[in-house]
Amino acid sequence: MRDTSAKGTRTVGDKLNISAHELNASGGAADTIAGDLADPLKQAVSDAEDAGSALRHWEVGTELTAVAERWGVALEKLCDRIRDHADGLRLVARGHAINEQDVSSKFKGWA
């Protein structure tokens, strides 16, 4: 994506600057979100399964149970992906910090 509104032509990436601290904080926030979602999502799936069981003699009961099972798998994967993204954000933050230290060490003694 190009930003042509400013003088010259620059890419959006030219303006992107995210600190290691912000990346770590975002990773923590993602972990918190995944943790906060886990129990309510499990409860929602369990409630849907219970409703499906209660209505098992009706066609809708079987369908509701099947939907609950599919949603249970999908929502569990969602929480896992959020946790994976949290790990990825922290990994990028560590890499950022290592790069900062490496660059800093290369310029020591230049002043």
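Just so we're clear, the structure is a prediction, and the values are computed from it rather than from any experiment. Below, all heavy atoms of this structure are taken into account, side chains as well, without hydrogens, waters or symmetry copies.
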For Thr32, all residues meeting side-chain hydrogen bond (donor to acceptor under 3.5 Å, both in side chains), sequence neighbours excluded: none

NE2 of His21 to OG of Ser26: how many Å apart, nearest 0.5 Å? 9.5 Å

If a pair satisfies salt bridge (charged side-chain N to carboxylate O under 4.0 Å, His left out) and one of its residues is in residues 80-99, list it, with sequence neighbours excluded. Asp31-Arg90, Asp80-Arg83, Asp87-Arg90

Under 3.5 Å, sequence neighbours excluded: what are the donor-acceptor pairs made by side chains of residues 51-77?
from  : atom 1 : to    : atom 2 : distance (Å)
Ser53 : OG     : Glu49 : O      : 3.2
Arg56 : NH1    : Ser53 : O      : 2.7
Thr65 : OG1    : Gly61 : O      : 3.0

Asp39: which residues meet the salt bridge (Lys or Arg N to Asp or Glu O under 4.0 Å) condition with it, sequence neighbours left out? none

For Leu23, check side chain to side chain contact (heavy atoms under 4.5 Å, CB included) against everything at least two apart and list the hits. Ile18, Leu89, Val92, Ala93

Distance from His96 atom NE2 to Ser19 atom OG, nearest 0.5 Å? 6.5 Å

Please list, chain by chain and in numerical order, all residues satisfying side-chain hydrogen bond (donor to acceptor under 3.5 Å, both in side chains) with Asp47, sequence neighbours excluded. Gln43

